[in-house]
Amino acid sequence: MRFSLTTWNINSVRLRINLVAKFIKSVRPDVLCLQETKCIDDAFPLKRFKRLGYEHIALNGQKGYHGVAIVSRLPFEKTDIRTFCDKLDSRHISVEFGPGAQLARPLVLHNFYVPAGGDIPDPALNPKFEHKLRFLDEMKSCEPLHPRGEDRHILVGDLNVAPHENDVWSHKQLLKIVSHTPIECEKLLAAQNQGDWIDVARDRIPMSEKVYTWWSYRAADWTVGDRGRRLDHIWVSRALKERVSDFRIVRDARGWERPSDHVPVTVTLDL
DNA sequence: ATGGTCGGCGTCCGA
């Protein structure tokens, strides 16, 4: 069975619902994980997704900020929401696919929106950065998150960290820029190494190659100098590594009308 | 060049 999954920080799902529809009609992933939906669950464009064929929807929204959602063509068995750092922020949702999706073995999917962390890369001066570092520590220590042995787990989302040198346009120039500081890169990789995770992008694209999924709004022309960062990630458990058949980043989406600053990232597996 | 642009909400905050 072919299973495809997209992660996309949409930066307001209501404002960009037509862009989401455009993407869905072209790529038709089985499952779409959204971050920064920026709306309460009652305001989520449920009917539009159902008309597009995505009848199974799990929401963790809040007013104005953050918000994550999983919209799916395949039914799932259960939904779970975790909180981090004793805050009620909507930054996580997970679902488990099973018999309803014709899967003999369970497939657990986590969708994350990690705090951006503000501008000052010093946890003593910037509470937002301190929160981000604590969030990453909690991701590491959260045992149920991490796959072992034959577990089939996928973790996706806007992790707001570009951990490797070629995950940013200039490693040297971004060492003191939040998203690429050594301390947060170490913490994200420590969380990744806590489970049997494979970073799909770096499993398929050589470390020497630049890979980005985000380009700032604060540039007159996002294509000039290609100053991107790889903030959006897809991890699969080791048991799924050899089942990955495709991985793609729809870079073009950054040039669509009124775009998100993030582009969709898609993985395909043969289950 | 040490600012620049977004979206949601409400007259700023978080990104």
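Residue numbers begin at 1 in each chain, while the letters A, B, ... track the order of the sequences.
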query: For DNA chain B, what residues of residues 121-139 of chain A have any heavy atom nearer than 4.0 Å?
result: A/K128
- prompt: Quick one: side-chain hydrogen bond (donor to acceptor under 3.5 Å, both in side chains) pairs with a partner in residues 181-190 of chain A, sequence neighbours left out?
  reply: A/K132-A/E184, A/D137-A/K187, A/T181-A/E184
Separation between the C1' atoms of B/dA1 and B/dC12, rounded to whole Å: 26 Å
Which side-chain N or O atoms in residues 23-31 of chain A pair as donor and acceptor under 3.5 Å with protein atoms at least two apart or in another chain?
{"from": "A/D30", "atom 1": "OD2", "to": "A/S4", "atom 2": "N", "distance (Å)": "2.8"}
{"from": "A/D30", "atom 1": "OD2", "to": "A/S4", "atom 2": "OG", "distance (Å)": "3.4"}

query: Relative to the ring of A/H153, is the ring of A/H110 parallel (under 30°), tilted (30 to 60°) or perpendicular (over 60°)?
result: tilted
query: Want to settle it: does A/G118 or A/Y217 sit nearer the 5' end of DNA chain B, counting the closest nucleotide to each?
result: A/Y217
query: Can you tell me how far C1' of B/dG3 sits from CD of A/Q173, to the nearest Å?
result: 15 Å
query: Taking OP1 and OP2 of B/dA15, is either one under 4.0 Å from a side-chain nitrogen or oxygen of A/R91?
result: yes
- request: Between B/dT2 and B/dC13, how far apart are the P atoms? Round to whole Å, please.
  value: 24 Å
query: Within this structure, what is the CH2-to-C1' distance between A/W215 and B/dT5, rounded to whole angstrom?
result: 17 Å
Separation of B/dG14 P from A/E36 CD (nearest whole Å): 13 Å
query: Could you state the OH-C1' distance from A/Y65 to B/dC9, rounded to the nearest angstrom?
result: 7 Å
query: Using the ring of each side chain (for Trp, its six-membered ring), is A/Y113 parallel, tilted or perpendicular to A/H66, with breaks at 30° and 60°?
result: tilted
task: Rounded to the nearest angstrom, tell me the gap between atom CD1 in A/I177 and atom P in B/dG3.
output: 13 Å
field: ring pair (Phe, Tyr, Trp, His ring centres under 6.0 Å) against A/H233, all qualifying residues, sequence neighbours excluded
entry: none
query: With side chains defined as the heavy atoms from C-beta onward, is the minimum distance between A/L269 and A/R152 less than 4.5 Å?
result: no
task: Taking only Lys NZ, Arg NE, NH1 and NH2, and the carboxylate oxygens of Asp or Glu, determine whether A/D80 and A/K78 approach each other closer than 4.0 Å.
output: no
- line: Applying side-chain hydrogen bond (donor to acceptor under 3.5 Å, both in side chains) to A/W169 and not counting sequence neighbours gives none
message: Could you check whether A/Q35 and A/N111, counting side-chain N and O atoms only, form a donor-acceptor pair closer than 3.5 Å?
response: yes
message: Between A/K87 and A/D89 (salt bridge meaning N to carboxylate O under 4.0 Å), is one present in this structure?
response: no
Nucleic acid contacts of residues 5-20 of chain A, taken as heavy-atom distances under 4.0 Å to DNA chain B: A/N11, A/S12, A/R14, A/L15, A/R16
- request: Name the residue closer to the 5' end of DNA chain B, choosing between A/N160 and A/A219 according to the nucleotide with the nearest heavy atom.
  value: A/A219
task: Provide, to the nearest angstrom, the distance between the NE2 atom belonging to A/H262 and the P atom belonging to B/dA15.
output: 11 Å
query: On a whole-Å scale, what distance lies between the P atoms belonging to B/dT5 and B/dC9?
result: 22 Å
task: Have a look at A/A116 and say if it touches a base, only the backbone sugar-phosphate, or nothing, with a 4.0 Å heavy-atom cut-off.
output: sugar-phosphate
query: For A/R254, which contact category applies under a 4.0 Å heavy-atom criterion: base, sugar-phosphate, or nothing?
result: nothing
- line: From CG of A/D119 across to P of B/dT5 the rounded distance in Å is 15 Å
message: Distance check needed: B/dT5 P versus A/W214 CH2, whole Å only.
response: 14 Å
message: OP1 or OP2 of B/dT2 versus the side-chain N and O atoms of A/R218: is any pair under 4.0 Å?
response: no
query: Across the strands shown, which category fits A/R227 at heavy-atom distances under 4.0 angstrom: base, sugar-phosphate, nothing?
result: nothing
- prompt: C1' atom, B/dG10 versus B/dG14: distance in rounded Å?
  reply: 15 Å
